[in-house]
Amino acid sequence: MHVPIAKVEIAVPKGKWRELLNSLTYWGNFHVEEYEGEHRFPLTPEEEEERKTARKVLSMISEVENLLGAIEESPVDVDLDYDGVKRIRDEVVEIGRELIKLREEQKRLSDYMALSEALKGYASEGETPLGIVLSRSEIGSKTLLINLIEKEGLTHHEVVVGDRTLIVVLVPKDRVEEFTEKVQKRGFTVLKPPKGYASLEEVNHALTSGIPQKIAELTRKLSEIKEKYLGFLKAQKFIARDIIKVLRLKEKSFSASKFLAFLKGWIPEEKLDELKTLLHAVDRDAIVKVEKPKVEEYERVPVALRNSPPLSWFQSLLDIYAPPVYKTFDPTVMIAIFFPLYYGFMLGDAGYGIVGMFLFWTLAQITKPGGAAHNLSMVYFINSFMAVIFGLLFGEIFGDWGIKMGLIEPLFHRTHNGMDLLFIAIGFGFLQVLLSMLLGVWNNLVLKHKEHALFELGRFFAILGILLLVVPNLKAIGIDRPWLSSISSLSGVLTPAGAISFLIGAVLVFIGEMKSGGVIKGIVGQIEIFSAFGNVLSYARLAAVGLASAILAEIANHFADIVPIPIFAITVVVAFHILAFILGIVDPTIQGMRLQFVEAFTKFFLPASRIFNPIRKGGRI
């Protein structure tokens, strides 16, 4: 149900605005309303500078996070320490630069080692393998290099190493210096130890020992800095964001006169006395004006729902959609009634239901009470219980296994009475759609949308008229069921009543639509009657999914008769029952919730545009 909400406006001396905001934040029950008038409360130059400093602190902490990892906020009441954060940032960034240099050097040496290893295989007596390195951007000049090599009468080989091409030239030892000079004059890179290294051995030592040790030392320093200053940085990140949010609230939500600062918002009605006590502590002369929301404001009132178990469990399903407009019907009740009913009707197996009850009860015990996982576990525990009830009614325990074992006899065999199952499903459709239309009338009357209320009332009478016209006359179109006899005998009364009801509905739909959009809309609105009837017929999916579930379970049991080897038969039967159980959770969930959100909610549900979201943090804001 809705938590009653009050609209409040607070006035305090201008100098107390920050203290007021602090108190409201610690209190955690005040939803701030943004101010849209002309008399804003602008930031002072000192506050502008404070915000600028806070943003710089956040930027520096972000630089630190790039090397130390994410830093969570810690809600403590401390002062902003720009110099302290800057000192840590400078130290961390300097270490970061050193690490980057070392890793770049490590990559450069690794590339050289890889090229040198490729060169080793071409050493021969009397000749020196000379490596010429071509990067991707230089690969176009390879032809020029090959022409030079051939002109000199030398042998060459081509090796691809990573993203580079190594041209290995076998040069007589007495011509190495001369050929190297010719190659370099033409701008090609000859493979040699990187600057600062005299030999391959020095490079190898740097890669295996020198550089890794330096990187390890710098990484250790970073870990020490993180351990030493983590608490400080958490607090500074929190306070910097806090300052920015506080000053933004002053800019966006406060208004001011010459001496007073004003703040508008919303609170739960039950918290009014607490608010007055809080304001008295901020300033003895603080003023608070309290009003109940007017009907025309309902659609912009921030909404909070409060339900006790078991309704609070089903509220988790509504949370994925949206809360209803203030003071309108809370559809949590409808979900709590119809979703388990449809789930049980579709799964309809006592064996699967018992397994589901055990599974979801176990999940509920290991999850946090009040959390989404716990709530959904309890929803499906109830759903599974309904599956047991319907399973006993249908005589299904793991399909027809219970009947074969002589454990149960069906009161209603759904695989043998498919037509009756279909009528029951469509009966659910008439029930929920008609109820939803009445709720639509109620909601629109609450919001004083009289033309919409007329429209929904018209659809209610029209759909009721279709029900009264069709059911007593099913025999006339060749549908004859035993339970229809007593209804058909009343056709002389029900048929005229249905025609009158349909006519009344059509007229009300026309009037409601005409009032909101003219005659043309009133005429076109008649289509909505048949659209709503289509919604009713959509409930036939309950029978279809239920039959599919029952047949799949029976197929699983049939494998026990046709597979000759017992161990294989048991394996196949269990596998099919597991599949049927999983599908028995997924399909009823999808179809059951679709019927709520698409077929039922569209008749009455008006989603709220705002959710009650009070300013609430562990510190100033």
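Sequential numbering from 1 along the given sequence is applied to the chain's residues.
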### Task
Take Leu438 and Leu434 through the test side chain to side chain contact (heavy atoms under 4.5 Å, CB included) and record every step on the way to the result.
CA-CA 6 Å; Leu438 288 178; Leu434 288 171; 6.0 Å; no
### Query
Is the Trp401 ring parallel, tilted or perpendicular to the Phe398 ring (thresholds 30°, 60°)?
perpendicular
### Message
Return the CG to CG distance between Leu542 and Leu422, rounded to the nearest 0.5 Å.
### Response
10.0 Å
### Task
Using modelled atom types only, decide if a donor and an acceptor are shared between the side chain of Asn375 and the backbone of Trp313 within a distance under 3.5 Å.
no
### Task
Please name the pair of heavy atoms, one in Val545 and one in Gln591, separated by the smallest distance, quoted to 0.1 Å.
CG2-CG, 3.9 Å
### Message
Tell me whether the rings of Trp17 and Phe41 are parallel (<30°), tilted (30 to 60°) or perpendicular (>60°).
### Response
perpendicular
### Query
Between Lys294 and Glu297, is there a salt bridge with N-O shorter than 4.0 Å?
no
### Task
Over all heavy atoms of both residues, which pair between Leu347 and Arg414 is shortest? Give the atoms and the distance, please.
O-NH2, 2.8 Å
### Query
Is a donor on one side and an acceptor on the other found under 3.5 Å between the side chain of Thr362 and the backbone of Phe358?
yes
#### Entry: OH on Tyr326 to OH on Tyr298, rounded to 0.5 Å
6.5 Å
### Val303 side chain near His2 side chain, heavy-atom distance below 4.5 Å
yes
### Query
Is the closest basic N to carboxylate O distance between Arg89 and Glu63 below 4.0 Å?
yes
### Passing option when Glu33 is tested against Lys7, Lys252, Arg300 for salt bridge (charged side-chain N to carboxylate O under 4.0 Å, His left out)
Arg300
### Task
Quick one: do Trp266 and Val8 satisfy side chain to side chain contact (heavy atoms under 4.5 Å, CB included)? Show the steps, please.
CA-CA 6 Å; Trp266 309 85; Val8 299; over 6 Å; no
### Query
Is the shortest side-chain N to carboxylate O distance from Glu34 to Arg248 below 4.0 Å?
yes
### Query
Could you give the distance from CG (Leu583) to CD1 (Ile590), rounded to the nearest 0.5 Å?
9.5 Å
### Query
What is the distance from atom NZ of Lys245 to atom CG of Asp242, rounded to the nearest 0.5 Å?
8.0 Å
#### Entry: Heavy-atom side-chain proximity of Ile10 to Phe30 below 4.5 angstrom
yes
### Query
Quick one: are Asn443 and Leu445 in side-chain contact, heavy atoms under 4.5 Å?
no
#### Entry: Other residues, nucleotides, ligands: >12 heavy atoms within 6.0 Å of Trp361 CH2
no
### Message
Does this structure show an ion pair linking Glu456 with Arg459, if we count only N-O contacts that are shorter than 4.0 Å?
### Response
yes
### Query
With the threshold set at 4.0 Å, does a side-chain nitrogen-carboxylate oxygen contact exist between Arg18 and Glu50?
yes
### Query
Between Arg40 and Glu251, does at least one N-O distance fall below 4.0 Å, as a salt bridge requires?
no
### Query
Quick one: does Asn29's side chain have a donor or acceptor within less than 3.5 Å of a partner on Trp27's backbone?
yes
#### Entry: Flag, side chain of Lys16 to backbone of Val282, donor-acceptor distance under 3.5 Å
yes
### Message
Classify the ring geometry of Tyr321 against Phe605: parallel below 30°, tilted from 30° to 60°, perpendicular beyond 60°.
### Response
tilted
### Query
Is Ser59 reaching over with its side chain to a backbone N or O of Arg55, donor-acceptor style, under 3.5 angstrom?
no
### Message
Quick check: closest heavy atoms across Ile335 and Pro340, and the distance to 0.1 Å?
### Response
O-CD, 3.3 Å
### Query
Do the side chain of Arg616 and the main chain of Gly28 share a donor and acceptor less than 3.5 angstrom apart?
yes
### Lys/Arg-Asp/Glu bridge criterion (N-O < 4.0 Å) met for Glu47, Arg51
no
### Message
Under a 3.5 Å distance rule, please check whether Gln236 uses its side chain to pair with a backbone N or O of Asp81 as donor and acceptor.
### Response
yes
### Query
Which pair of non-hydrogen atoms, one from Thr415 and one from Leu547, has the smallest distance, and what is that distance?
CA-CD2, 3.9 Å
### Task
From the options Lys237, Lys234, Arg241, select the one residue that forms a side chain to side chain donor-acceptor pair (under 3.5 Å) with Glu73.
Arg241
### From Leu275 atom CG to Leu24 atom CG, the distance as rounded to the nearest 0.5 Å
7.0 Å
### Task
Report the relative orientation of the aromatic rings in Phe394 and Phe390; use parallel for angles under 30°, tilted for 30 to 60°, perpendicular for over 60°.
tilted
### Query
Considering only heavy atoms from C-beta outward, does the side chain of Gln432 approach that of Glu599 to under 4.5 Å?
no
### Message
I want to check something: taking the side chain as every heavy atom from C-beta on, are Trp442 and Phe604 in contact at a cut-off of under 4.5 Å?
### Response
no
### Query
Would Val325 and Thr328 count as a side chain to side chain contact (heavy atoms under 4.5 Å, CB included) if you check the C-alpha gap in whole Å, the side-chain angles of each, and the deciding distance to 0.1 Å?
CA-CA 6 Å; Val325 166; Thr328 60; 4.0 Å; yes
### Task
Please determine if Lys264 and Glu291 form a salt bridge, counting it only when a charged side-chain N lies under 4.0 Å from a carboxylate O.
no
### Message
Can you give me the closest heavy-atom contact between Ser253 and Val32, atom names plus distance?
### Response
OG-CG1, 3.0 Å
### Query
Is there a side chain to side chain contact (heavy atoms under 4.5 Å, CB included) between Leu318 and Leu305 once you walk through the steps?
CA-CA 10 Å; Leu318 183 63; Leu305 297 178; 3.8 Å; yes
### Task
Output yes when a side-chain donor or acceptor of Asn444 lies under 3.5 Å from a complementary backbone atom of Gly440, and no otherwise.
yes
### Query
Any side-chain heavy-atom pair from Glu554 and Lys404 closer than 4.5 angstrom?
no
### Message
Rounded at 0.5 Å granularity, tell me how far CD1 in Ile354 sits from OG in Ser384.
### Response
10.5 Å
### Query
Do other residues, nucleotides or ligands put more than 12 heavy atoms under 6.0 Å from the CD atom of Glu36?
no
### Message
Do Ser316 and His374 have side chains that approach each other closer than 4.5 Å (heavy atoms only, starting at C-beta)?
### Response
no
### Query
Counting only heavy atoms not in Glu227, do more than 12 fall under 6.0 Å of its CD?
no
### Query
Which atoms form the tightest heavy-atom contact between Val57 and Ala240, and what is the distance?
CG1-CB, 4.0 Å
### Query
What do you reckon, is CZ of Phe412 surrounded by more than 12 foreign heavy atoms closer than 6.0 Å?
yes
### Message
Let's go through Phe360 and Tyr380 carefully: what are the C-alpha distance in whole Å and the side-chain angles of both, what is the deciding distance for ring pair (Phe, Tyr, Trp, His ring centres under 6.0 Å) to 0.1 Å, and is it a yes or a no?
### Response
CA-CA 6 Å; Phe360 293 114; Tyr380 279 92; 5.3 Å; yes
### Query
Are any non-hydrogen side-chain atoms of Ser549 and Asp349 less than 4.5 angstrom apart?
no
### Trace of the salt bridge (charged side-chain N to carboxylate O under 4.0 Å, His left out) decision for Glu224 with Arg220
CA-CA 6 Å; Glu224 289 175 353; Arg220 184 185 61 78; 2.2 Å; yes
### Message
Run the ring pair (Phe, Tyr, Trp, His ring centres under 6.0 Å) test on Tyr35 and Phe254 for me, step by step, so that the C-alpha distance in whole Å, both residues' side-chain angles and the decisive distance to 0.1 Å come before the verdict.
### Response
CA-CA 6 Å; Tyr35 177 69; Phe254 274 88; 9.9 Å; no
